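Have a look at the structure below, then the notes.
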Amino acid sequence: MTTSPETAPLPPGGGLPQPAPEGGGPGIRRVLGDNPAIILTFVFVGLYIATDIINRAQNGKAFITPTSVSTTFLYAAVLGLISAGQTIVMLTGGVHLSVATTATASAFLVSRFGSHGAGYAIMVGLLCGLIIGLVNGVGVAIFRVNALIMTLGISVITLGVLTVQAQKQFTALVPGFVARIGSQRFAEYIPYDILLWVPIAALIILGLRYSGIGRMIYAIGDNPVAARLAGVRVWQVQLFVYAACGVLSALAGVLLVGFNNAADLGIATPFLLPSVAAVVIGGTSIFGGLGGYAGTILGALILTVLDSLLTILNASQAIRQMLYGFIVLALAAIYARTTSGT
C-alpha cells in the first residue's frame, strides 16, 4: 500500500521548523552531563579565586601563589587517598565508616615502631590497614552484615584497642623518611606525597575503567543480584574492595603522621566526613554503580581549598563538620531524586 503526498503523515510540528532548545542546546548539556569533571574544575578554580579575594581583604596577602598551590596539593593527598578507598567501596553500594580509624591506627603504629626503621614501621602500618580491611570485607561479603554497621563496629573496636595500647609506655618516633614524604617538598614546590598519590590515582582510574575487576565493581554496585547471576563472584570482589580500602587508608595514615610528626588517637578523625563528601561531590552515587575516582580527586581538592577558606574566616572545627554534613545530605537528596526520576 502506498501513501500519496496528500495523505502522508506530517512530521512533528507539521513540517514547520522547530525552535532551538533553550539553554544553549542539548550538545552543551550532554557534554557537561557526561563530563562532570568540567563543572568541578570550574568550581575548584572559582573557589580558589574567591579564597584569594577574601584572603586579600582579610590579611592583605595573595592566596594564589606557587607556595599556596603546592600546599593545597600537599594537604589534599591525605584526603585523596582516604577518599580513594571510600570511592571504590561506594561504587559497590556501601559506605565505609572506619577509614579514619584505620588511618589513625596506621599512624599510631608507624610512630610506635618508628625506632625499628622507616621500612619496618610503614609495613606494620600497611599490614594493619590490610587486616582491618579484610575483617570488614569478610563481614560484609561473606556474613552479609550491612556495610555501615560492620565498618562502624570495627571502627569502635579499633579505637578501643588503640586507647588501651596508648596507655602503655613506649618510645614514639616518627622516622625521618616518613616525615619527609608527609610534609616536605622537592624542587621547591613539588610535595613528596604527590609522588605516591599520582601513580595510585592513575592506577585506580585506569583500573576502574579498563580492568575486569573494575567492571565487576560497577556491576555489583548497579545490581549485585544480576552480577551474581552473570557469574561474578560478588563476595570475592567485595573482599578485594574492602582490603584495598584498608591499605589506602593506612597509607594515608602514614602520610598524616609524617605531616604532623606525631600521632594521637584523633589524628585522622576530621577526615571521615570529608572523605564521604569528596566522593559524592565527585559524582559517585551513594547507591553504587556510577561515578569514578577522577571526580573524587577534584572533590578532595575543592574541600581542601574550602578548608583553607574556612581557616581564613576563623571557622571552628564544629562549623566545618556541620558544613561537610550538609554537603553530604544535600548531594544525597539530589541523587535520590535523580534515581527515583521525580
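In this text the structure is predicted, and so the values were computed from the model without any measurement.
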Distance-only criterion, 3.5 Å: show the donor-acceptor pairs between side-chain atoms of residues 111-126 and protein atoms not counting sequence neighbours.
none

Under 3.5 Å, side-chain donor or acceptor atoms of residues 265-273 against the rest of the protein: list the pairs with distances, not counting sequence neighbours.
none

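Taken from CG in Leu81 to CG in Asp193, the straight-line distance is 8.0 Å, to the nearest 0.5 Å. Here CG of Leu309 is found 4.5 Å from CD1 of Ile54. Values are rounded to the nearest 0.5 Å. Atoms CD1 and CD1, on Ile53 and Ile49 in that order, are 7.0 Å from each other to the nearest 0.5 Å. Expressed to the nearest 0.5 Å, how far OG of Ser106 lies from CG of Leu255 amounts to 9.0 Å. The distance from atom SG of Cys128 to atom CG of Leu109, rounded to the nearest 0.5 Å, is 5.0 Å. A distance of 13.5 Å separates CZ of Arg209 from CD1 of Ile204, quoted to the nearest 0.5 Å.
Among pairs with a residue in residues 171-222, those fulfilling ring-ring contact (aromatic ring centres under 6.0 Å, His included) read Phe186-Tyr192, at least two apart in sequence or across chains. Sorted by first and then second residue, the ring-ring contact (aromatic ring centres under 6.0 Å, His included) pairs with a member in residues 47-68 read Phe44-Tyr48, Tyr48-Phe63; sequence neighbours excluded. Residues in residues 125-153 take part in no ring-ring contact (aromatic ring centres under 6.0 Å, His included) pair, two or more places apart or across chains. Applying the ring-ring contact (aromatic ring centres under 6.0 Å, His included) definition to pairs two or more places apart or across chains, those involving residues 223-248 are His96-Tyr242.
No side-chain heavy atom of Asp307 sits less than 4.5 Å from a side-chain heavy atom of Leu79. When side chains are defined from C-beta on, Leu196 does not count as touching Val254, because their heavy atoms never get closer than 4.5 Å. Between Met150 and Val135, some side-chain heavy-atom pair lies under the 4.5 Å cut-off. When side chains are defined from C-beta on, Leu251 counts as touching Ile200, because their heavy atoms get closer than 4.5 Å.
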side-chain contact (heavy atoms from CB on, under 4.5 Å) evaluation trace for Thr92 with Val140: CA-CA 11 Å; Thr92 63; Val140 173; over 6 Å; no
For the pair Thr71 and Tyr75, evaluate side-chain contact (heavy atoms from CB on, under 4.5 Å) and give the outcome as yes or no after the intermediate values. CA-CA 6 Å; Thr71 302; Tyr75 290 166; 3.4 Å; yes
Residues Ile327, Leu303; criterion side-chain contact (heavy atoms from CB on, under 4.5 Å); working and verdict: CA-CA 10 Å; Ile327 291 173; Leu303 289 179; 4.2 Å; yes
Go through the steps for Gln86 and Val280 under the test side-chain contact (heavy atoms from CB on, under 4.5 Å), then give the verdict. CA-CA 10 Å; Gln86 193 73 262; Val280 294; over 6 Å; no
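When the side-chain contact (heavy atoms from CB on, under 4.5 Å) test is applied to Ser249, the partners found at least two apart in sequence or on another chain are Val99, Thr102, Cys245. Partners of Leu329 according to the side-chain contact (heavy atoms from CB on, under 4.5 Å) rule, which considers only residues two or more places apart in sequence or in another chain, do not exist here. Not a single side-chain contact (heavy atoms from CB on, under 4.5 Å) links Glu188 to another residue, sequence neighbours left out. The side-chain contact (heavy atoms from CB on, under 4.5 Å) check on Val43 picks up Ile39, Ile302, with sequence neighbours excluded. For Ser70, the side-chain hydrogen bond (donor to acceptor under 3.5 Å, both in side chains) partners at least two apart in sequence or on another chain are Arg185. Residues forming a salt bridge (Lys or Arg N to Asp or Glu O under 4.0 Å) with Arg56 (at least two apart in sequence, or on another chain): Asp52.
A donor-acceptor pair under 3.5 Å links the side-chain atoms of Asn223 to the main chain of Val225, judged by distance alone. In this structure, Thr104 contributes its side chain and Ala100 its backbone to a donor-acceptor pair below 3.5 Å. Of the possible polar contacts, one joining the Asn146 side chain to the Leu148 backbone as a donor-acceptor pair under 3.5 Å is found.
Residues Ile281 and Gly299 come closest through the heavy atom pair CG2-CA, 3.9 Å. The two residues Ile82 and Ser275 come nearest to each other via the heavy atoms CG2-CB, 3.7 Å. Across Ala278 and Ser83, no two heavy atoms sit closer than the pair CB-OG, 3.6 Å. Ser155 approaches Thr101 most closely through the heavy-atom pair OG-OG1, 2.6 Å. For Gly137 against Leu239, the heavy-atom pair with the smallest separation is C-CD1, 3.6 Å. Of all non-hydrogen atoms in Ser98 and Thr151, the two that sit nearest each other are CB-O, 3.3 Å.
No side-chain donor from either of Asn261 and Ser183 sits under 3.5 Å from a side-chain acceptor of the other. Residues Thr296 and Thr87 bring a donor and an acceptor atom of their side chains to less than 3.5 Å of each other.
Linking ILVMFWY side-chain heavy atoms closer than 4.5 Å, directly or via other members, places Leu203 and Ile88 in two distinct hydrophobic clusters. When hydrophobic clusters are built by joining Ile, Leu, Val, Met, Phe, Trp and Tyr residues whose side-chain heavy atoms come closer than 4.5 Å, directly or via intermediates, Val69 is not grouped with Phe259. Under the 4.5 Å side-chain heavy-atom criterion for Ile, Leu, Val, Met, Phe, Trp and Tyr, Val78 and Leu74 are members of distinct hydrophobic clusters. Linking ILVMFWY residues whenever their side-chain heavy atoms come closer than 4.5 Å, directly or via other members, places Val305 and Ile64 in the same cluster. Taken together through direct or relayed side-chain contacts under 4.5 Å among Ile, Leu, Val, Met, Phe, Trp and Tyr, Val237 and Ile142 form part of one hydrophobic cluster.
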